Amino acid sequence: MTLSLNRSGRLTVFALAIAYTTMTFGFATSSAPLVAQNMPYYTATLAAPAEDDRPVAGGVAWTCRDTTCVANRGPSRPLRICRGLAREMGAITAFKVEGEDIAEDRLARCNGN
């Protein structure tokens with residue numbers, strides 16, 4: 001017994017095989033899993049919107065949008081990183097390290113109080 005498909009059936013199977021291969025390759029090479037694993041180490045909320053969207057402060061390259069700045073882990077302690085950002089960008093109302101807020105007294109020291 002021989003199974004055969006007509007011309008439109010073969011084209012459909014071929015198109016589905018190409019679509020499946022494209023989707024599989026796309027998911028395997030997409031950067032979405034990398035983005036999820038590489039959450040920013042530091043997140044700062046500024047008192048005023050940032051004028052510079054790519055500042056370098058505290059020895060760390062930051063990415064800022066409006067009042068939120070994020071950065072990867074730096075070579076210094078978090079308080080020094082925070083102070084460097086405050087000197088460069090102004091008062092900081094919140095500072096997170098690995099998603100956790102620093103204590104209020106440390107935030108005050110960060111802002112130079």
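In what follows, every heavy atom counts, from backbone to side chain, and hydrogens, waters and symmetry copies are set aside. Keep in mind that this is a model prediction, so the values were computed, not measured.
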Which ILVMFWY residues are connected to Leu79, directly or by a chain of links, through side-chain heavy atoms under 4.5 Å apart?
none
Rounded to the nearest 0.5 Å, how far apart are OG1 of Thr43 and CD of Glu100?
12.0 Å
Test item: Arg109 and Arg83 side chains (from C-beta on) under 4.5 Å apart, heavy atoms:
yes
Residue list, side chain to side chain contact (heavy atoms under 4.5 Å, CB included) with Ala103, at least two apart or on another chain:
Asp105, Arg106
What residues form a side chain to side chain contact (heavy atoms under 4.5 Å, CB included) with Arg80, not counting sequence neighbours?
Ser76, Arg77
May I have the list of side-chain donor-acceptor pairs in residues 49-57 shorter than 3.5 Å, sequence neighbours left out?
unit_1	atom_1	unit_2	atom_2	d
Asp52	OD1	Arg54	N	3.2
Arg54	NH1	Thr63	OG1	3.0

Could I get the full list of side chain to side chain contact (heavy atoms under 4.5 Å, CB included) partners for Ala48, not counting sequence neighbours?
none
Under 4.5 Å side-chain linkage, directly or through intermediates, the cluster mates of Trp62
Tyr41, Tyr42, Leu46, Val60, Ile81, Leu85, Met89, Ile92, Phe95, Val97, Ile102, Leu107
Do you know which of Thr45, Thr67, Asn111 makes side-chain contact (heavy atoms from CB on, under 4.5 Å) with Thr93?
Thr45
